[in-house]
Amino acid sequence: MEGYTFVITEKPDAAYRIANALDDKGKAERLVEKGIPYFIAYRKEKIVVVPTLGHLYTVTQSGKEQGSRYPVFNIKWAPLYQVKRKADRSRIWLQVISNLAREANRFIDACDYDLEGSIIGYCILKYACGEKQSVAKRMKYSTLTKEELQRAYDSLLPNLNFALIESGLTRHEVDWLYGVNLSRALTLATKRIGGYYATLSTGRVQGPTLKFLVERERDIAGFVPTPYWTIKAQITKEEKQFEATYKRNPVKTKEEAEKIAETCRGKKGIVESVEEKKLILPPPVPFDLGELQSEAYSSFGYLPILTSTTTQQLYLEALISYPRTGSQKLPPQIGYEDILKKLSAWHEYNRLARELLAEPKLKPNEGKKSDPAHPAIYPTGKLPEKALVGAGKNIFDLVVRRFFAVFGSPAIRQIIRVTINIDGESFTLTGKKTVEEGWLRFYNPYRKLEDVPLPLFQKGQEVEVEGLILENKVTQPPPRYSPKTLLQKMEEHNIGTKATRAGIIQTLYDRGYIRDEKVMVSELGVAVIDTLEKFCPSVVSVEFTRQLEEQMEAIRQGKETKERIIARTIENLKEVTTNLKVNEKAVGEQLSRALQMAKIRQKTIGSCPICHSGKLSIIQSKKTNKRFAGCTNYFKGTCKAAFPLPQRGIIEPSERVCYSCKWPTVQVSLRGKKRWILCLNPACLNKIQKIKEAGVK
DNA sequence: GCAAGGTC
């Protein structure tokens with residue numbers, strides 16, 4: 001076989017698009033070898049375009065000693081299948097790549113032109129293609145459009161970007177050294193001292209994320225609520241009642257509030273001013289993954305990880321564009337009109353799509369963020385082959401309507417503020433109305449703005465004051481993070497990436513560091529942060545990421561080297577791990593205690609409804625191997641209370657008493673089914689309750 | 001198996 005040009009891409013979709021763009025006839029040949037797809041294109045020459053599947057190489061411990069020891073500083077790069085279980089497909093994938101590289105006489109790296117993409121291509125060329133990294137050319141493109149890809153191919157960069165590659169390798173190695181060594185230190189201290197085995201972990205992203213949550217817990221715990229008062233005046237106009245709020249709300253003391261109310265009581269109000277303002281709401285910007293995850297949480301309550309897997313499915317069905325993007329831009333090359341035309345074939349979107357198509361010019365309201373490899377998320381225009389259901393249906397609809405909305409005109413809201421003077425004190429009434437619907441019409445029902453109607457007030461008019469309302473309130477502690485706000489916080493500090501943030505939050509749940517949707521930190525989570533703050537404060541600080549980024553930038557500029565940074569990392573970790581070992585007893589005790597408390601908490605349902613002094617606990621019978629709820633006083637011989645529990649599914653304490661009989665309840669969840677609440681009282685008339693009825697969040 | 005990162 002004659003030689004050909006070998007092009008490596010980061011993922012199958014990119015290989016498909018590149019091959020088609022390069023092929024003279026615009027239609028490359030798709031071949032499959034051992035289940036792995038690749039493409040052949042002709043463009044004066046034969047081009048074989050082969051995808052990889054993200055990282056097929058990773059950092060791992062070198063040498064034979066693999067046991068549970070730390071610190072470990074000898075690392076190497078190895079194929080993923082040697083490191084990870086269930087990675088057989090990656091072994092075959094590499095075989096296919098190697099085979100296709102053998103006959104090639106020219107090599108081109110066409111992976112995403114970013115940090116990770118650069119290492120992905122480099123490792124394939126170096127390890128799977130036989131040291132071709134030094135002769136390979138680099139194809140640099142920023143969108144997967146035909147014109148851009150052809151341009152990129154015709155103006156190849158002569159070399160790989162070795163400085164970028166070196167910084168990427170450093171990022172992987174530093175993360176591995178910190179993450180693995182500190183995770184082992186935590187796990188082993190707990191095991192050796194307390195005898196508990198639990199996988200504990202931390203890292204450059206997990207650390208600060210957990211610390212945000214712990215800091216919030218500390219703020220909440222240390223919060224001192226202070227009372228305050230608010231005043232409202234009941235106004236009557238045209239036989240309708242309105243509540244005008246006092247301008248100087250909140251009022252600090254009860255005395256002051258009562259004094260103000262007293263002066264106003266029984267007096268007439270005079271309209272002091274009527275101000276009208278127009279509020280312009282620009283259309284939203286296109287979705288990047290983070291924004292879509294936030295919006296899906298607000299609109300449907302979907303956790304970021306669900307949105308992430310759902311968008312991946314929609315992408316694989318070709319219904320939406322590539323979802324793991326940080327871009328808020330929609331370049332014209334995606335073909336706005338074509339997409340709208342295709343969507344208009346769908347009954348649900350027909351009217352809105354046609355309305356946009358009637359516009360003289362389509363211009364999306366783009367956001368600031370861009371991504372070197374992908375545009376924002378948009379519907380491709382393809383209609384689903386079978387009807388979408390559940391999360392797929394909802395998220396697809398959200399993506400389509402957002403796509404429509406970014407082309408819409410600004411919405412205009414009219415805000416009317418009426419100031420009413422009652423014996424020298426000012427009160428305001430606010431009316432709100434949407435006067436120009438603009439893009440809101442396209443984004444319905446995902447952005448609801450309520451109208452607050454107000455009758456016509458005129459300056460100098462007299463109004464009746466029916467009464468005054470005093471309300472005693474207390475300041476609230478800062479709210480717990482939700483999956484949405486936590487994700488935003490991570491983005492704000494630039495830790496993790498759009499593809500990993502949701503998963504890292506999930507890891508914190510899996511480790512038992514956090515629980516509940518309004519995130520609470522467990523004793524274990526607090527103990528982990530406590531330990532790390534003492535022994536390795538850098539790994540729980542967002543500064544760490546910033547420093548690493550600086551060092552990587554220095555490498556790119558040739559001012560630093562990977563060797564020097566790794567050497568410094570090792571030096572620091574030697575000190576940290578020595579300290580941890582010296583203090584292993586204290587560390588292990590603290591973590592074990594927290595783990596033990598967590599285990600007890602997971603089993604404790606509530607106070608015993610029979611003896612009232614013990615606690616009901618989930619117990620596994622040694623005789624029958626069945627579980628039941630039993631009183632802790634059983635072991636003292638003072639209470640024999642025991643109640644049956646379902647034998648299947650996961651049982652957790654609900655932390656709520658039954659709304660109907662006040663007995664303790666548990667939360668039961670069967671795999672793939674909704675959770676429900678079970679009251680333990682055998683005589684309760686509402687033994688089985690829905691989550692909402694029971695008042696559980 | 002522990003990280004974080006890419007991909008299906």
Side-chain angles (χ1 to χ4, degrees), chain A residues 8-15 35-37 51-61 66-72 75 77 80 83-90 92-94 111-112 114-124 167-191 197-210 289 308-309 311-317 322-326 373-374 490 494-508 510-511 528 539-540 544-545 548 552 569 573 577:
Chain A
I8 185 80
T9 73
E10 189 162 321
K11 47 187 163 284
D13 179 59
I36 315 302
T52 173
L53 201 63
H55 283 292
L56 292 187
Y57 291 87
T58 188
V59 180
T60 187
Q61 193 170 340
Q66 294 282 328
S68 319
R69 292 162 37 123
Y70 75 92
V72 178
I75 52 175
W77 283 78
L80 203 59
V83 178
K84 213 174 129 185
R85 281 188 188 172
K86 290 190 197 163
D88 280 351
R89 194 163 146 82
S90 83
I92 296 166
W93 207 295
L94 278 178
C111 292
D112 293 354
D114 54 22
L115 187 77
E116 298 299 327
S118 294
I119 329 171
I120 290 169
Y122 168 81
C123 286
I124 294 284
S167 74
L169 297 173
T170 309
R171 202 279 301 149
H172 275 254
E173 293 179 24
V174 169
D175 277 344
W176 193 96
L177 289 167
Y178 270 96
V180 171
N181 282 304
L182 291 171
S183 297
R184 282 187 189 177
L186 296 174
T187 306
L188 290 172
T190 312
K191 190 177 164 211
Y197 184 78
T199 302
L200 300 183
S201 67
T202 190
R204 179 175 54 82
V205 183
Q206 283 185 41
T209 306
L210 184 57
L289 180 61
S308 167
T309 53
T311 51
Q312 173 68 8
Q313 281 162 15
L314 293 171
Y315 162 69
L316 291 176
E317 288 168 39
Y322 189 74
R324 284 185 292 275
T325 173
H374 308 280
M490 291 171 81
N494 207 17
I495 55 170
T497 70
K498 64 235 170 209
T500 58
R501 287 182 192 118
I504 283 168
I505 296 173
Q506 187 57 46
T507 302
L508 299 180
D510 293 345
R511 299 277 181 263
V528 165
V539 82
V540 291
F544 188 26
T545 290
L548 188 63
M552 281 165 30
T569 298
L573 273 172
T577 51

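Only a predicted model underlies this, so the values are computations on that prediction, with no experimental measurement involved.
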* Indicate, with a heavy-atom threshold strictly under 4.0 Å, whether A:T187 touches base, sugar-phosphate, or nothing. => nothing
Closest of B:dG6, B:dA4, B:dA3 to the A:Y322 side chain is B:dG6
| Donor + acceptor pair across side chains of A:T507, A:Q206 (<3.5 Å) | no
request  = Just call it for A:R85: base, sugar-phosphate, or nothing, with non-hydrogen atoms closer than 4.0 Å on any strand.
outcome  = sugar-phosphate
Practice task
Give A:G496 one of three labels, base, sugar-phosphate or nothing, depending on what nucleic acid heavy atoms sit under 4.0 Å from its own.
Solution key: sugar-phosphate
Over all strands shown, is A:V205 touching base, sugar-phosphate only, or nothing at heavy-atom distances under 4.0 angstrom?
sugar-phosphate
Contacts of A:Y57 meeting ring pair (Phe, Tyr, Trp, His ring centres under 6.0 Å) (sequence neighbours excluded), chain-then-number -> A:Y127
Quick note, A:Q312 side chain, CB onward, closest among B:dC8, B:dT7, B:dC2 is B:dC8
- Query: Is A:R324 side chain donor-acceptor paired with the B:dG6 base, going by distance under 3.5 Å alone?
  - Reply: no
Winner on side-chain proximity to A:R204, out of B:dA4, B:dA3, B:dG6, is B:dA4
- Take A:W176 and A:Q61 through the side chain to side chain donor-acceptor pair (under 3.5 Å) test and state the conclusion after the steps. CA-CA 9 Å; A:W176 193 96; A:Q61 193 170 340; over 6 Å; no
By side-chain hydrogen bond (donor to acceptor under 3.5 Å, both in side chains), A:D175 pairs with (sequence neighbours left out) A:R171, A:R204
